[in-house]
Undergrad: 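Submitted below is the structure of interest, expressed as structure tokens.
Here is how names work: the chains are called A, B, and so on, in the same order as the sequence lines, proteins then strands, and each is numbered from 1.
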2 protein chains.
Amino acid sequence: MSTSDDIPARARDADATRDDLLAAARRRFAADGYERTTIRAVAGDVGVDAALVIRYFGSKEGLFTRAADLDLRLPDLTGVRAGDLSRVLVDRFFAVWEDDGTFLALLRAAATSEVAAEAMRTVFAAQVAPALAAVTDDRAPERAALVGATVLGFALGRYVLRLPPLVDMTRDQAQAWLGPALRHYLLD
Amino acid sequence: MSTSDDIPARARDADATRDDLLAAARRRFAADGYERTTIRAVAGDVGVDAALVIRYFGSKEGLFTRAADLDLRLPDLTGVRAGDLSRVLVDRFFAVWEDDGTFLALLRAAATSEVAAEAMRTVFAAQVAPALAAVTDDRAPERAALVGATVLGFALGRYVLRLPPLVDMTRDQAQAWLGPALRHYLLD
DNA sequence: GGTGCATGTCATCGAGCGATGACAGGAGGC
DNA sequence: GCCTCCTGTCATCGCTCGATGACATGCACC
């Protein structure tokens, strides 16, 4: 009896535990934001003691930094025809926002945390602006920022504020609405 | 000596104190977000004991609700020519965002607080959608949400994330960029 | 000029947080 | 079979926060 009803016997594998903690942290940061997310809750989700999180990531901020380390995997836009640009970008948008909580965690946290805001600026400078520079003639940083603001505004409305018209919108409808706006920012 | 070096002798005026507390709360909520704003800090800004805040507003959430009670003062758009619409809206945008911290407080808080998100939804339903319904033929809620997402995205990038290209933009430049996008959302 | 209520203060509680350091236990090397 | 790290736990600290209720103070009114 003492051996048969044990907890599923979590393997003593530090790497796996670290990955589980990062996944749980992303979910919590995305759902609750930075301040309301507690180390105890993240550890509890994984079934581990809170002190272990500190040991692995040093501090709550260290955990967040690792959990919000984010890669948009924007494709190379060189050679993509102007008419297809917005379609590619909106597709990418949904992949990033709906299949993984990382970006939502970063957005929620960025509203109140300067480190998160800085991380967001870095994403723009290192990923968005270079990708868009391949398809614009001039003012690439400005265009990238406007495209980013559009995308972030839509994500804010749909996933954070949950404005009903945006929540109910299908991907195709979003495509149809956002497409012309993105084309304007990229090409006009 | 005991009477000459007193503190400026705050008058015992409950209404004035309440107003001061609300103004201080707006500044704190706008700068720090909901969780990082403490009742003690707000009371300290006004030079008053924290217990008084509870007495006047019941709780931290009560204080926030009152501080974030917000009026966009959108003008009546009936009869405004299509070509002037976006100009009117962007002008209003800057008035709301740069002259008063209320909306910024609401945005920052909405990222992590459900009550704040609900307040934001109410602003859309009660103020933005009706105002825009006067100038659109159909799908007014959808158009209002898209206009709102545009405006919120721009504000997020400029005031919260402080993306350099958006921070450096003049009102006229913002006008020129956002205008066609807003026209698209309103009229296409 | 004293009395009573409105205004504001003080001391304190209980809870939850991040973080620390000492300890336990299992797996692998000799 | 024992020793030794690596992995994870436990007890606890120190702090801050929101909130409460008893107390002090000043103004208005009679």
Undergrad: B:I39 side chain: which of D:dA19, C:dG18, C:dC10 is closest?
TA: D:dA19
Undergrad: Round to the nearest Å and state the distance from B:F57 atom CZ to D:dA19 atom P.
TA: 13 Å
Undergrad: Report yes or no: do B:Y159 and B:E98 form a side-chain donor-acceptor pair below 3.5 Å?
TA: yes
Undergrad: Which of these nucleotides, C:dT7, C:dT20, D:dG8, is closest to any side-chain atom of A:I54?
TA: C:dT20
Undergrad: Consider only side-chain N and O atoms of B:T78 and B:D76, and report whether a donor and an acceptor are under 3.5 Å apart.
TA: yes
Undergrad: In this structure, how many angstroms lie between the C1' atom of C:dA19 and the CG atom of A:L63, rounded?
TA: 14 Å
Undergrad: Does a side-chain N or O of A:T17 approach OP1 or OP2 of D:dG8 to a distance below 4.0 Å, or not?
TA: yes
Undergrad: Of the nucleotides C:dG18, C:dT7, D:dG21, which has the atom closest to the A:R40 side chain?
TA: C:dG18
Undergrad: Does the side chain of A:D172 pick up a donor-acceptor pair with the side chain of A:T170 at under 3.5 Å?
TA: no
Undergrad: Between A:R36 and A:A50, which residue's closest nucleotide on DNA chain C lies nearer the 5′ terminus?
TA: A:R36
Undergrad: Looking only at side-chain atoms of A:Y56, point me to the closest of D:dA19, D:dT9, D:dT7.
TA: D:dT7
Undergrad: So what does A:L52 touch, heavy atoms closer than 4.0 Å: a base, only the sugar-phosphate, or nothing?
TA: base
Undergrad: Establish whether the base of C:dG8 is bridged to the side chain of B:R55 by a donor-acceptor pair shorter than 3.5 Å.
TA: yes
Undergrad: Any donor-acceptor pair under 3.5 Å linking the side-chain atoms of A:T112 with those of A:E35?
TA: yes
